[in-house]
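We name chains A, B, ... by the order of the sequence lines, and we start the count at 1 in each one.
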Amino acid sequence: MSAAPLPLQSQDFPAWYGQVVRRADLAENSVVRGAMVIKPYGYAIWEAIQRELDARIKATGHENFYFPLLVPASVLAQEGELIEGFAPEVAMVTEAGGKKLDEPLAVRPTSEAAIWAAYDRWMESYRDLPLLYNQWANVVRWELRPRILLRTSEFLWQEGHTAHETEDEAVAEVLTILHEVYADVVENVLAIPVLRGRKSASERFPGAVDTYALEALMRDGKALQAATSHYLGQGFPRAFGVTFTGRDGRPQHPYATSWGATTRLVGGVVMVHGDDAGLRLPPAVAPYQVVIVPIVRDDDRAEVLAASAAVAAELRSAGIRVRLDDRDGHRPGFKFHEWELKGAPCRVEIGARDLAAGAVTVARRDTGTRTTVSLAALAGELERLLADIQRAMFAAALAGRVRRTARPETYDEMIAYLREAAGFARAAWCGDAACEARVKHESSATIRVLPLDERPAASDRCVCCGAAARSVAVWAQAY
RNA sequence: CGGGACGUGGCGCAGCCUGGUAGCGCACCUGCUUUGGGAGCAGGGGGUCGCGAGUUCGAAUCUCGCCGUCCCGACCA
């Protein structure tokens, strides 16, 4: 662990991000271009995200299954828009067992094709619907410009794939996932405030009728898509010839959805909460919510270590994730810095001085404050403190987003704001792709989302062309 | 694919201009002393200098080719 200070966020955010990811032991680049090794500490954060998402996916009525990594190229090509959208980034296996394959096998960039090719066999009548399934998987997309945790050529995710009898039901599914699964986890577990909305046509998933997404704002003013939920209509069922017998006895196509969230969320946690001292983890995803640092001298070593182990055991039985950092050979100051870099929400210092007073010293990572807490009250106090940190981190992130959200009056004002990646810009939009393209061309910012909870006023005019507004759009530079 | 930078122990770098067989900081190992905000001293281990060819008595250093990485754009969760 280097003692060199991190780059400052305000001076070089990309350098800060890269060093935090590496020095906090979240992940590192592998020998394969753009692919990452997720290290144990980073994987533990992903596991917490998985647990929380999985619980909600199941609570909303879904089951997990698993499809193969390899998809015949012809199957992948069966849905025109999908293959058109993904073709440039699909990796192909052309050789196996020492022989050239008759048909190349695509490494899935997403699994709609493979799954819809199978769903044909899984439904006969409306009585078989809905199909509410999800899988945890890895996918490969040969991105031109990878960025660790945010855009890697292989990443982990979950992808849900459902089939419904009616359009209303499918649309309701897409929104249930958006709100009850994704927004709930991202806001209440990761403490990242999100905008919920629809994507413009140009930002839609290939093959989707409508794409809904969560958009979060990072501390450098750029947006990150945190999760997506797609209403696919009947396109995939048609392309794969999937029909069921309806209530009227006639064959019909089901209505489809798909939705996903990825390891990118770990990068989002870093960029939303991290500060110049390193990572700050919300307690709900922190691998260790409390780190105990014993402070020993030769003459009190045994006593202090025994007391620390006892405290650790007590906190664990209270359901707190605890790490007792009893490593020899590192002094307390070193450990304080390291756990601040790694974002542990709470630190408990236990030394002879504390024990003599029947108390310990508790420091919180988000604010840096230190207090003395009696040993008798420690477990209860830490539970309260962890809950408070979780709330405070969300509130701080929300305040940051509000501060970085502009409502520009004029087009020029908006372009200037977007060019410097100052944050979200909310403005009325006519719905014309030409206006969207012009903003992108002049600022490189895109429409991140058309918020679900906002409608333009009757008098609102498009910020770009002045025509009557069809929706409110939120623009930003994005990762 | 376009623009820029860079490849030297695990990480960060110097050495290259002016060729002579590799060095610094951190990390690592051993020992002793330390331990309430990144410990000190002593000793030690680890590098075909990205790859290939060429020039030369001799190449990390000069020449040519290739490969790779990072940053900025287009693609994108």
Side-chain angles (χ1 to χ4, degrees), chain A residues 1-7 12-15 17-19 22-23 28-34 84-90 109-110 138-159 182 199 202-206 211 213-216 223-230 258-268 277-278 293-301 304-305 325-341 347-356 360-361 363 368 370 372 421 440-441 444 446 448 477-479:
Chain A
M1 194 66 53
S2 164
L6 290 168
D12 191 346
F13 197 86
Y17 173 77
Q19 288 207 24
R22 198 169 54 75
R23 284 167 59 172
E28 63 186 27
N29 287 315
S30 79
V31 292
V32 177
R33 193 198 76 99
E84 201 176 305
F86 280 105
E89 41 191 86
V90 172
T110 180
N138 57 340
V139 289
V140 168
R141 298 180 187 178
W142 218 251
E143 300 288 354
L144 295 175
R145 207 176 132 208
R147 203 164 156 64
I148 194 160
L149 284 172
L150 300 175
R151 196 185 309 104
T152 44
S153 40
E154 176 186 357
F155 58 88
L156 306 183
W157 74 349
Q158 58 67 219
E159 47 178 326
Y182 293 146
K199 288 286 186 181
S202 70
E203 298 279 324
R204 228 176 254 153
F205 177 78
T211 286
L214 302 181
E215 288 284 331
L224 184 76
Q225 181 170 300
T228 48
S229 186
H230 314 290
S258 71
W259 25 276
T262 79
T263 35
R264 155 182 278 195
L265 285 171
V266 179
V293 178
I295 293 150
V296 302
R297 289 192 312 263
D298 261 349
D299 57 346
D300 60 26
R301 171 181 304 269
V304 169
L305 288 179
D325 187 355
D326 56 1
R327 286 176 297 171
D328 233 2
H330 286 302
R331 303 165 102 204
F334 179 92
K335 295 178 183 178
F336 295 170
H337 281 275
E338 184 173 304
W339 288 110
E340 279 160 16
L341 173 65
R347 179 180 75 234
V348 172
E349 304 165 22
I350 304 180
R353 207 162 73 198
D354 300 286
L355 294 177
V360 296
T361 305
R370 295 169 83 193
T372 301
K440 182 171 183 179
H441 181 250
S444 88
T446 47
R448 300 319 306 156
Q477 307 260 10
Y479 275 100

- Is there side-chain contact between A:L341 and A:R23, with heavy atoms separated by less than 4.5 Å?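 Yes, close enough: below the 4.5 Å cut-off.
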[X] side chain, from C-beta outward: closest of [options]:
{"X": "A:R347", "options": "B:G36, B:C75, B:G37", "result": "B:G37"}
{"X": "A:R147", "options": "B:G36, B:C76, B:C71", "result": "B:C71"}
{"X": "A:D354", "options": "B:G37, B:G36, B:G38", "result": "B:G36"}
{"X": "A:F334", "options": "B:G36, B:C76, B:G38", "result": "B:G38"}
{"X": "A:E89", "options": "B:G37, B:C75, B:U35", "result": "B:C75"}

- Item | Which residue lies more 5' along RNA chain B, comparing A:T263 with A:N29 via nearest heavy atoms |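 Result: A:N29.
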- Item | 5' priority, RNA chain B, between A:S153 and A:V296 [closest heavy atom] | A:V296
[N] base / [X] side chain donor-acceptor hit below 3.5 Å:
{"X": "A:R301", "N": "B:U35", "answer": "yes"}
{"X": "A:E340", "N": "B:G37", "answer": "yes"}
{"X": "A:R370", "N": "B:G36", "answer": "no"}
{"X": "A:S444", "N": "B:G73", "answer": "no"}

- Task: Answer yes or no on whether A:R347 is positioned over the face of A:F336, meaning its NZ or CZ is under 6.0 Å from the six-membered ring centre and within 45° of the axis.
- Result: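 Yes, A:R347 lies over the aromatic ring of A:F336.
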- Message: Check the orientation of A:W259 and A:Y182. Use parallel for under 30°, tilted for 30 to 60°, and perpendicular for over 60°.
- Response: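 Answer is perpendicular, since the angle exceeds 60°.
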- Query: Is the A:W157 ring parallel, tilted or perpendicular to the A:F155 ring (thresholds 30°, 60°)?
  - Reply: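 A:W157 and A:F155: perpendicular rings.
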- Task: State the dot-bracket string of RNA chain B. Criteria: Watson-Crick or G-U wobble, both atom distances under 3.5 angstrom; notation: ( ) intrastrand, [ ] crossing earlier pairs, | interstrand, . unpaired.
- Result: ((((((((.[[[[.)....(..]]]].((((((.....)))))).....[[[[[..)....]]]]])))))))....
- Query: Using a distance-only test with no angle check, is there a side-chain donor-acceptor pair under 3.5 angstrom linking A:S258 and A:E159?
  - Reply: no
- Distance-only polar pair, side chains of A:S202 and A:R204, donor-acceptor under 3.5 Å: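 Result is no, nothing qualifies.
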Given the [atom1] atoms of [N] and [M], what is the spacing between them in whole Å?
{"N": "B:C66", "M": "B:C75", "atom1": "P", "result": "29 Å"}
{"N": "B:C13", "M": "B:G7", "atom1": "C1'", "result": "13 Å"}
{"N": "B:G9", "M": "B:G4", "atom1": "P", "result": "27 Å"}
{"N": "B:A59", "M": "B:G19", "atom1": "C1'", "result": "6 Å"}

- Task: Could you grab the distance from atom CD of A:Q225 to atom CD of A:E203, nearest 0.5 Å is fine?
- Result: 8.0 Å
- Query: To the nearest 0.5 Å, what is the distance between CG (A:D354) and CD1 (A:I295)?
  - Reply: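 Going from CG on A:D354 over to CD1 on A:I295, the span is 6.5 Å.
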- Query: salt bridge (charged side-chain N to carboxylate O under 4.0 Å, His left out) with A:R327: which residues, sequence neighbours excluded?
  - Reply: A:D325, A:E338
Measure from [atom1] on [X] to [atom2] on [N] and round the result to the nearest Å.
{"X": "A:E203", "N": "B:A74", "atom1": "CD", "atom2": "P", "answer": "12 Å"}
{"X": "A:F86", "N": "B:C76", "atom1": "CZ", "atom2": "P", "answer": "9 Å"}
{"X": "A:E84", "N": "B:C76", "atom1": "CD", "atom2": "P", "answer": "12 Å"}
{"X": "A:D298", "N": "B:G36", "atom1": "CG", "atom2": "P", "answer": "13 Å"}
{"X": "A:D299", "N": "B:U34", "atom1": "CG", "atom2": "C1'", "answer": "13 Å"}

- Task: Respond yes when some side-chain nitrogen or oxygen of A:R331 is under 4.0 Å from OP1 or OP2 of B:A39, and no when none is.
- Result: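 Checking B:A39 against A:R331, a side-chain N or O does come within under 4.0 Å of OP1 or OP2.
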- Message: Just N and O in the side chain of A:K440: are any of them under 4.0 Å from OP1 or OP2 of B:C75?
- Response: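 Result: yes.
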- Query: Which is it for A:I350 and A:L355 under the side chain to side chain contact (heavy atoms under 4.5 Å, CB included) test, yes or no, and what are the steps along the way?
  - Reply: CA-CA 7 Å; A:I350 304 180; A:L355 294 177; 3.8 Å; yes
Pairwise N/O distances under 3.5 Å, protein to nucleotides 31-33 of chain B:
none

- Query: For A:R151 and A:Y479, which heavy atoms make the closest approach, and how far apart are they?
  - Reply: NH2-C, 3.2 Å
- Task: Looking at every strand, decide which applies to A:G260 at a 4.0 Å heavy-atom threshold: base, sugar-phosphate, or nothing.
- Result: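 It contacts nothing in the nucleic acid.
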